[in-house]
Amino acid sequence: MKIKKIEIGENLFGKNDEIARENSELLRKYNILSLNLMGSPGSGKTSILELTIRKLKEKNITCGVIEGDIAGTFDSERISFLEVPVVQINTGGACHLEAMMIKKGMEQLTLNEIKVLFVENVGNLVCPAEFKLGIKYNVTVASITEGEEKPLKYPLMYSVSQLVLLNKIDLLKAIDFDTEKFFQYAKKTNPDIKIIPVSGKTGDNINQFVDFIEEQLLIQ
Ligand SMILES: Nc1nc2c(ncn2[C@@H]2O[C@H](COP(=O)(O)OP(=O)(O)OP(=O)(O)O)[C@@H](O)[C@H]2O)c(=O)[nH]1
Ligand SMILES: [Mg+2]
């Protein structure tokens with residue numbers, strides 16, 4: 001599938017919260033469930049997206065993806081391989097996506113053909129949490145290789161997220177990672193947060209993320 005690409009210039013930065021509200025209204029109008037995947041570079045956002053989209057496709061749930069990266073089209077190429085509409089946004093240096101970028105991205109998608117819109121934010125545990133996009137669910141993709149204390153060191157990311165996908169659990173035997181402590185720290189930062197341990201490599205528990213998406217689709 002052809003990748004649509006947007007390079008961001010100065011003029012695309014605007015009144016962020018206002019545009020985020022407009023994005024949210026547009027998504028509601030089209031009855032699209034939207035999820036914003038955030039996390040450190042390499043935590044496994046694209047790997048999880050690939051597995052999840054494959055499973056949603058098997059269930060005839062149509063997806064669209066907005067990929068945010070500082071530069072390059074690596075991730076959108078991986079997604080387009082799945083025959084899913086994808087827009088690559090290159091921020092040209094900015095460490096996060098902003099609402100105007102999502103607005104421009106959505107203009108490139110045929111919204112009435114999409115049930116679930118995924119946004120993959122720029123790999124960064126800080127800045128993406130600071131900008132509202134108008135996307136309904138914030139999902140933090142954390143990986144066990146980052147250490148269990150990260151929810152306490154980067155609290156904003158956890159407090160703005162409804163769901164954490166704790167990734168790379170296939171490496172648990174090789175890495176000194178205290179899963180219980182991670183749960184405790186994440187809940188301390190955000191008592192309402194839901195955590196699903198997954199593997200973007202073996203596909204373990206990806207079904208639980210798919211279940212979460214299907215549940216949210218039902219209550220849309
Ligand atoms: N062992 C293991 N490796 C994983 C897992 N998930 C992802 N990886 C690997 O981790 C690396 C980064 O994965 P990506 O999915 O590209 O991570 P990302 O968060 O999308 O990265 P950026 O977009 O650059 O921020 C790749 O080499 C993946 O194969 C996992 O669950 N287990
Ligand atoms: Mg990625």
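Order of appearance sets the numbers: ligands from 1, and atoms from 1 within every ligand. Note: hydrogens, waters and symmetry copies are ignored here, and every other heavy atom, side chains too, is used.
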**Q** What pairs of residues pass the ring pair (Phe, Tyr, Trp, His ring centres under 6.0 Å) test when at least one of them lies in residues 104-132, not counting sequence neighbours?
**A** H96-F131
**Q** Working to the nearest 0.5 angstrom, can you tell me the gap between Y154 OH and E149 CD?
**A** 8.5 Å
**Q** Can you find a heavy atom in the side chain of V160 that is under 4.5 Å from one in the side chain of M38?
**A** yes
**Q** What salt bridge (charged side-chain N to carboxylate O under 4.0 Å, His left out) pairs are there with at least one residue in residues 209-220, not counting sequence neighbours?
**A** K59-E214
**Q** Would you check if F182 and V164 make a side-chain contact, meaning some heavy-atom pair closer than 4.5 Å?
**A** yes
**Q** Between the Mg ion (ligand 2) and E120, is there an N, O or S atom separated by less than 2.8 Å?
**A** yes
**Q** Decide, counting backbone as well as side-chain atoms, whether D69 has an N, O or S atom less than 2.8 Å from the Mg ion (ligand 2).
**A** no
**Q** Which atom name would you report as the N, O or S atom of D75 nearest the Mg ion (ligand 2)?
**A** OD2
**Q** Filter on side chain to side chain donor-acceptor pair (under 3.5 Å), then keep only pairs touching residues 62-73, sequence neighbours left out; what's left?
**A** D69-Q88, T73-E77
**Q** Just so I know, are the side chains of I53 and V65 near enough to count as touching, which here means a heavy-atom distance under 4.5 Å?
**A** yes
**Q** Students should find this: residues with any non-hydrogen atom under 4.0 Å from ligand 1. What is the answer?
**A** S40, P41, G42, S43, G44, K45, T46, S47, D75, R78, E120, G123, N167, K168, D170, L171, S199, G200, K201
**Q** Can you tell me how far the OG atom of S40 sits from the CG atom of N124, to the nearest 0.5 Å?
**A** 8.0 Å
**Q** Under 2.8 Å from the Mg ion (ligand 2), is there any N, O or S atom belonging to T46?
**A** yes
